[in-house]
Amino acid sequence: MADNLVAIACDHGGFDLKVQLISFLENKGLKVLDLGTNSTDSVDYPEFGAAMATAIEHGEANKGILICGSGIGISIAANRNPTVRAAVCHSGLSARLARQHNDANVLALGARLIGVETAFDCVEEFLNTEFEGGRHQRRVEKLSKS
Ligand code: RB5
């Protein structure tokens, strides 16, 4: 799987932001694996959180971005899979910390709570920040065992 590939999924509440994020990612030369939904017609976020989890678990992507109205429901859905560490972020700093300390492999965004520029900041930090390891390594390993 290419390291320059990012999976993305949303519900109807996140669709408009997803379209903007796909352009943002493609303009950076990244490839996007789009797992839906594909319109603003009402859908159920657990299906799209689960689709992301399957893609991460099967190695179709190393990193993913989820979007719903709040970022909460779709992240809860994805986090039911122990291979996923999805973090709801509301700022570039929270996204940076999610990578540095939690080795988050999925960024979750709330399209009804943050603006597009903040979403771009979150994505930049999520994609460009390395996990610090060290004392955080043990803690992250415990997440997969619980
Ligand atoms: C859909 O209306 C909304 O509930 C959903 O996008 C999300 O915010 C749930 O957590």
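Ligands are counted one by one from 1 in listed order, and the atoms in each one are counted from 1 as well. Atoms considered below: every heavy atom in the structure, side chains included; atoms not considered: hydrogens, waters and symmetry mates.
Those atoms of ligand 1 that come under 4.0 Å of a heavy atom in Asp11, given as number and element, are 1 (C), 5 (C), 6 (O). For ligand 1, the atoms sitting less than 4.0 Å from at least one non-hydrogen atom of Tyr45 are 9 (C), numbered in the order shown with element in parentheses. Residue His12 approaches ligand 1 through these ligand atoms, each under 4.0 Å from one of its heavy atoms: 1 (C), 2 (O). Taking every heavy atom of Gly69 and a limit of under 4.0 angstrom, the matching atoms of ligand 1 come to 5 (C), 6 (O), 7 (C), 8 (O). Counting atoms of ligand 1 from 1 in the listed order, those under 4.0 Å from a heavy atom of Cys68 are 6 (O), 7 (C), 8 (O), 9 (C), 10 (O). Those atoms of ligand 1 that come under 4.0 Å of a heavy atom in Gly73, given as number and element, are 9 (C), 10 (O).
Linking ILVMFWY side-chain heavy atoms closer than 4.5 Å, directly or via other members, places Leu127 and Ile67 in a single hydrophobic cluster.
The nearest protein atom to atom 2 (O) of ligand 1, hydrogens excluded, is given as Arg112 NH1, 3.2 Å; this is a heavy-atom distance.
Side-chain contact between Phe24 and Val116: absent, with no pair of heavy atoms (C-beta onward) separated by less than 4.5 Å. Within the 4.5 Å cutoff, the side chain of Leu113 has heavy atoms near those of the His90 side chain.
Distance check on atom 8 (O) of ligand 1: some protein heavy atom falls below the 4.0 Å cut-off.
Taking every heavy atom of both residues into account, Tyr45 and Ala77 meet most closely at O-CB, 4.5 Å.
Here CZ of Arg99 is found 12.0 Å from NE2 of His136. Values are rounded to the nearest 0.5 Å.
Exactly one residue among Asn79, Ile72, Ile74 makes a side-chain contact (heavy atoms from CB on, under 4.5 Å) with Ile76. That residue is Ile72.
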